[in-house]
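What follows is a short report on a single structure.
Computation of the quantities below employed the complete heavy-atom set of this structure, encompassing side-chain atoms and omitting hydrogens, waters and symmetry-equivalent molecules. In what follows, chains carry the letters A, B, and so on, assigned in the order in which the sequence lines appear, proteins first and then strands, with residues in each chain numbered from 1.
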There are 2 protein chains.
Amino acid sequence: MQFSKSTDYALHALVHLGLSERSSNVGIKELSGTLGVSESYLSKIMSKLRQDGIVRAVPGVNGGYELARPAEQISFFDVVQVMEGRQQLFKCSNSRSQQHRLLDEEESAPESQRELDRKECLIEKVMYSAEQQMYQYLREQTIQSVLDEALKRRFSHEMNKK
Amino acid sequence: MQFSKSTDYALHALVHLGLSERSSNVGIKELSGTLGVSESYLSKIMSKLRQDGIVRAVPGVNGGYELARPAEQISFFDVVQVMEGRQQLFKCSNSRSQQHRLLDEEESAPESQRELDRKECLIEKVMYSAEQQMYQYLREQTIQSVLDEALKRRFSHEMNKK
DNA sequence: ATTATTATGGATACCAGATATCCATAATAA
DNA sequence: TTATTATGGATATCTGGTATCCATAATAAT
């Protein structure tokens with residue numbers, strides 16, 4: 001299990017956009033150059049972010065991308081959801097194992113019961129909760145918090161030089 | 001990003017073994033039958049679990065598998081680590097993006113600095129912490145806790161019938 | 001010791017999804 | 001009108017997960 005590179009690219013691109021809140025728009029050329037990814041591939045990623053309302057895009061001369069909302073309102077969770085998709089990380093694939101049958105009531109209809117079992121798999125439940133632990137943390141982390149940390153470090157760096 | 005099916009199979013198999021602490025050994029045939037997975041594939045999974053000291057295996061007539069230690073000492077984390085591998089879920093792949101350069105000191109050697117940057121990527125840091133949130137939860141969840149919950153439910157089920 | 005049984009591990013095949021590129025088109029600003 | 005930039009469809013490639021087969025080793029029962 002691995003986060004996709006797309007998520008990596010997306011997060012780095014967003015931080016870059018956050019740093020460039022000057023003359024707004026940042027072109028795909030600048031982005032791909034800085035991140036070291038091809039323009040064509042990064043385009044797809046930026047399009048996805050746009051479709052999800054995380055960035056705005058404007059074509060034409062001096063066009064490019066900018067954050068669609070303040071950096072403190074863009075969480076890591078938002079980005080991960082867009083890039084990785086919204087399915088659960090863990091799906092129980094067998095509805096007939098022993099511990100599932102432990103919960104069986106033989107009087108219930110086989111069809112609906114199997115469906116219920118699926119949702120009630122204790123293992124899936126644990127894994128789902130674990131997933132939520134991670135997501136909860138990611139909800140609290142924003143693009144802005146990375147910017148703050150980066151600027152803080154640069155600052156204390158320069159202080160050390162003097 | 002998805003947990004692999006192998007992890008699903010492994011967890012279900014372990015719960016099954018936990019339920020069968022009677023005459024010890026459970027053969028691959030019984031396991032694969034109950035889980036609805038082919039013997040050949042499940043074998044690989046069980047071998048992995050054995051190599052990692054989570055189950056014991058004995059060949060020959062009436063051979064099979066059993067838990068190598070009490071179910072309360074086998075955590076979900078243990079299983080996930082074996083099946084999914086031990087690499088980080090998130091790896092920063094670009095060491096030259098803007099926010100990385102923010103941290104650059106130009107006097108440091110380029111080689112070692114890039115290495116340091118990698119480890120110091122703020123985005124990776126956030127993602128790593130998120131991962132740890134999930135793992136911490138999984139460390140607290142054991143095969144035994146699933147067994148307990150399953151037995152508890154069955155009990156209250158039967159009480160309802162009366 | 002022999003035999004039947006069971007786990008092990010190497011080789012291999014297959015498929016889906018991630019990664020990546022190319023190009024024609026649409027939209028926009030100068 | 002023109003140059004520029006984003007968009008999206010088609011496609012190619014690669015990697016890892018999923019899965020099976022088979023020869024071999026190990027063990028218990030006889």
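- What separates CD of A/Q2 from C1' of C/dT19 is a distance of 14 Å, to the nearest Å.
- Between B/K29 atom NZ and C/dA7 atom P there is a gap of 9 Å when expressed in whole angstrom units.
- For the pair A/R56 CZ and D/dT7 C1', the interatomic distance rounds to 18 Å; values are reported in whole Å.
- Across all strands shown, A/S47 has heavy atoms under 4.0 Å from sugar-phosphate atoms exclusively, and none from any base.
- Contact between the side-chain N/O atoms of A/R50 and the OP1/OP2 oxygens of D/dG8 is found at a separation under 4.0 Å.
- Residues from residues 79-89 of chain A that place a heavy atom under 4.0 Å from any atom of DNA chain C: there are none.
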*Reading 5' to 3' through nucleotides 20-30 of chain D, protein heavy-atom contacts under 4.0 Å coded B for base, S for sugar-phosphate only, - for none*: BB----BBBS-
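- Atom NZ of A/K5 is separated from atom C1' of D/dT13 by 14 Å (rounded to the nearest Å).
- By the 4.0 Å N-to-carboxylate-O rule, A/D78 lies too far from A/R86 to be salt-bridged with it.
- Smallest separation of non-hydrogen atoms from B/A71 and B/L147: CB-CD1, 4.1 Å.
- Closest approach of A/L89 to B/M1, counting heavy atoms only: CD2-O, 3.3 Å.
- Pairing for C/dT28 goes to D/dA3, judged as Watson-Crick or G-U wobble with the two contacts each under 3.5 Å.
- At the heavy-atom level, B/F3 lies nowhere under 4.0 Å from the strands shown.
- Rounded to whole angstrom, the span from the CD1 atom of A/I54 across to the C1' atom of D/dA6 amounts to 18 Å.
- The backbone N or O of A/E84 sits less than 3.5 Å from a side-chain atom of A/Q87, completing a donor-acceptor pair.
- Atom CE of B/M46 and atom C1' of C/dA7 are 11 Å apart (whole Å).
- Rounded to whole angstrom, the span from the CZ atom of B/F90 across to the C1' atom of C/dA18 amounts to 15 Å.
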*May I have the step-by-step check of side-chain contact (heavy atoms from CB on, under 4.5 Å) for A/K44 and A/S6, ending in yes or no?*
CA-CA 9 Å; A/K44 306 284 187 200; A/S6 301; over 6 Å; no
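- Considering only side-chain N and O atoms, B/Q51 lies under 4.0 angstrom from the phosphate OP1 or OP2 of C/dG9.
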*asked:* Is there a side-chain contact (heavy atoms from CB on, under 4.5 Å) between A/N62 and A/N25? Walk through the geometry before answering.
replied: CA-CA 7 Å; A/N62 293 328; A/N25 292 339; over 6 Å; no
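- Nucleotide D/dG16 holds its P atom 13 Å from the NZ atom of B/K48, rounded to whole Å.
- Using N1 to N3 plus N6-O4 or O6-N4 for Watson-Crick, or N1-O2 and O6-N3 for G-U wobble, each under 3.5 Å, D/dG8 pairs with C/dC23.
- Under 3.5 Å, the side chains of B/S75 and B/E140 contain no donor-acceptor pair of N or O atoms.
- At most 12 non-hydrogen atoms from other residues, nucleotides or ligands lie less than 6.0 angstrom from OH of B/Y128.
- For the 3.5 Å distance criterion, the side chains of B/T142 and B/Q73 fail to qualify, holding no donor opposite an acceptor.
- Nearer to the 5' terminus of DNA chain D, by closest-nucleotide assignment, is the contact made by A/G64 (compared with the other of A/G64 and A/M1).
- Side-chain atoms of A/E66 do not come within 3.5 Å of backbone N or O of A/V55 as any donor-acceptor pair.
- Regarding contacts with the backbone of D/dG17, every side-chain N or O of B/S6 stays at 4.0 angstrom or more from both OP1 and OP2.
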